[in-house]
S.K.: 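Quick one: structure below, then a few questions.
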Number of protein chains: 2
Amino acid sequence: MNMKSDSAMRPKILVTVDVVLLTVDLESSLSDGLRVGLIRRDAAPYKGALALPGGYVHPEEDENTAAAACRVLKTKAGKAVRYLEQLATFSGPSRDPRGWSVSVCYVALEDRETMKQWPADLLARVDALPPLAFDHATLIGAAVERLRNKASYSALPVFLLPDTFTLSELQDLYGRLLGTPLDKSSFRRKVRELGFVEEVPGAFKGGQNRPAQLYRAKEMTTFDRTI
Amino acid sequence: MNMKSDSAMRPKILVTVDVVLLTVDLESSLSDGLRVGLIRRDAAPYKGALALPGGYVHPEEDENTAAAACRVLKTKAGKAVRYLEQLATFSGPSRDPRGWSVSVCYVALEDRETMKQWPADLLARVDALPPLAFDHATLIGAAVERLRNKASYSALPVFLLPDTFTLSELQDLYGRLLGTPLDKSSFRRKVRELGFVEEVPGAFKGGQNRPAQLYRAKEMTTFDRTI
DNA sequence: ATATTTAGTGGTGCGATGCAACTAACCGTG
DNA sequence: CACGGTTAGTTGCATCGCACCACTAAATAT
């Protein structure tokens, strides 16, 4: 196979990035509260439709696709994101009507408070998605699956909470993601011994009842997984 | 940001796939025995250097990047591969001297017997890699990490063994990948109850000593992971 | 004071896992 | 042909982690 002719006859491939920006609404008691940040497309194709924030990779300004994803988020959301991770790459001739396309998809996590800036009508529940442009529903499905999966063995979900949070909030979050209520005692023991949170000395969240100790995330931890 | 001008002024991005084809040599007692199938490049850049099997995505014939990876493997190895999984996508302006490139990287697993077809001098130990073209050493590192990781919670490693194998061989393999010797009793109990292998009735592997029952893989299984 | 609600801690029984001893089957050797 | 060596495969036990449940603590409301 000749490399030169291979390169010369190569048709154009569209190279884009898409970001699944996830957050969680701990107030909503029904469902898991997971929400995804969308945009409304202002150009063809799918003009006027809802879609994931995304766009072309700009070789002259992007250092790599992760940088492109950051740039997209910054222009569409006006801020740097808390956590960003590459999810997977989707490709094919028919997923974009403009031609054969490759989309490197990223998952971003943000807490609900910060996401207040995002227009409320563009924050869709992931368990009741509106019609979306391209194959974006698939990308969201993959992102949510990844997040749920990582919840079972990592500290990743802390990025869905504000800087400080109570252990009850953290437990509630894990319970939602894992789809099963967790035991208070076991959860606290686990979290403590894994040491991915630390107390904020003297900081308490007071409500109607007994005040709760506030915590903050320490380092990112991935737990052991044994066969 | 105007989509049309965005698209029109878009410089060419090289879109390629690379495959990290892994196998394991259970004979080699030192190290873990993991090996990666390489090719020797017959064209610039890096002409004559060792590299991963890979190549351009061909939009007119490839249904997606996974199909491109299969095609690359078929042309370079002459056969379909046992297991193929997308690893990650690597990108940037400097990883390929020809220009800004995106490489969708795949991990492939094959058993040692089948890999006998691969030229022996192109089957490198992953813990002692020769100098490689592009950033391919990085891709191999990521692939090996992924494999080791999945060994701790999935049946994935069975794809590194022939169709039938003994439980001792399977245990040896897991022990190598996990980097720690496993207990015979516990391992067998686990494998049995997870049920991802089944006996081949009446088939035994006879050596100098007591013959061992042969097993074959059932369905692909991923185990539970709990926080 | 007392009820209510949420925060947070301790104890206990069961199941999974690790460890070690045991049996089984084959081969080679004197 | 008995015996030792080696690998296959099982069984029993002891221990550790974890789910479950009961308890105490601190606030508010009436």
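Note that the coordinates shown come from a computational prediction; the quantities given were computed from them, not determined experimentally. Proteins come first, then strands; the chains are lettered A, B, ... in the order of their sequence lines, and each starts at number 1.
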S.K.: Counting heavy atoms from C-beta on, name the nucleotide in C:dG8, D:dA26, D:dA19 closest to the side chain of A:P211.
M.R.: D:dA26

S.K.: Look at the side chain of A:R189 against the base of C:dG8 and say whether a donor-acceptor pair falls under 3.5 Å; ignore hydrogens and angles.
M.R.: no

S.K.: In terms of side-chain heavy atoms of B:N209, which of C:dA7, D:dG9, D:dT7 is nearest?
M.R.: D:dT7

S.K.: Any Lys/Arg nitrogen of A:E113 or A:K116 sitting under 4.0 Å from an Asp/Glu carboxylate oxygen of the other?
M.R.: yes

S.K.: Using atom CZ of B:R188 as one end and atom P of C:dT17 as the other, report the distance to the nearest whole Å.
M.R.: 17 Å

S.K.: Just how far, in rounded Å, is P of D:dT7 from CZ of B:F204?
M.R.: 19 Å

S.K.: Which of these nucleotides, D:dT11, D:dA8, D:dT6, is closest to any side-chain atom of B:A212?
M.R.: D:dA8

S.K.: Atom CD of A:E199 and atom C1' of C:dG8: how far apart are they, to the nearest Å?
M.R.: 11 Å

S.K.: Given atom NZ of B:K184 and atom P of D:dT6, what is their separation to the nearest angstrom?
M.R.: 14 Å

S.K.: A:F187 has an atom CZ; how far is it from atom P of C:dA7, in whole Å?
M.R.: 13 Å

S.K.: Counting side-chain heavy atoms from CB outward, which of C:dA7, D:dG5, C:dT17 is closest to B:K190?
M.R.: C:dT17

S.K.: Going by atom types only, do B:T138 and B:D135 share a side-chain donor-acceptor pair under 3.5 Å?
M.R.: no

S.K.: Decide side-chain contact (heavy atoms from CB on, under 4.5 Å) for A:D163 and A:R216; before the verdict, give the C-alpha distance in whole Å, the side-chain angles of both, and the deciding distance to 0.1 Å.
M.R.: CA-CA 6 Å; A:D163 290 321; A:R216 72 173 140 242; 5.9 Å; no

S.K.: B:R210 side chain: which of D:dA19, D:dA8, C:dG8 is closest?
M.R.: D:dA8

S.K.: Just compare D:dC18, C:dT17, C:dA7 and give me whichever is closest to any side-chain atom of B:S186.
M.R.: C:dT17

S.K.: Look at the side chain of B:R192 and decide which nucleotide, out of D:dT10, D:dT7, D:dA27, has an atom nearest to it.
M.R.: D:dT10

S.K.: Where the side chain of A:D183 is defined as all heavy atoms beyond and including C-beta, which of D:dC20, D:dT6, D:dA26 is the nearest nucleotide?
M.R.: D:dC20

S.K.: Measure the distance from CG on B:D172 to C1' on D:dA8 and round it to the nearest whole Å.
M.R.: 14 Å

S.K.: Determine, for B:R146 against B:E85, whether the closest basic-nitrogen to carboxylate-oxygen distance falls under 4.0 angstrom.
M.R.: yes

S.K.: So which one's nearest nucleotide on DNA chain D is more toward 5', A:Q208 or B:L167?
M.R.: B:L167

S.K.: Under 4.0 Å, counting only non-hydrogen atoms across every strand here, what does B:S185 touch: a base, just sugar-phosphate, or nothing?
M.R.: base

S.K.: Would you call the rings of B:Y174 and B:F196 parallel, tilted or perpendicular if under 30° counts as parallel and over 60° as perpendicular?
M.R.: tilted

S.K.: In whole angstrom, what separates B:F165's CZ from D:dA8's P?
M.R.: 14 Å

S.K.: Please give, in whole Å, the distance from C:dA7 P to A:L214 CG?
M.R.: 11 Å

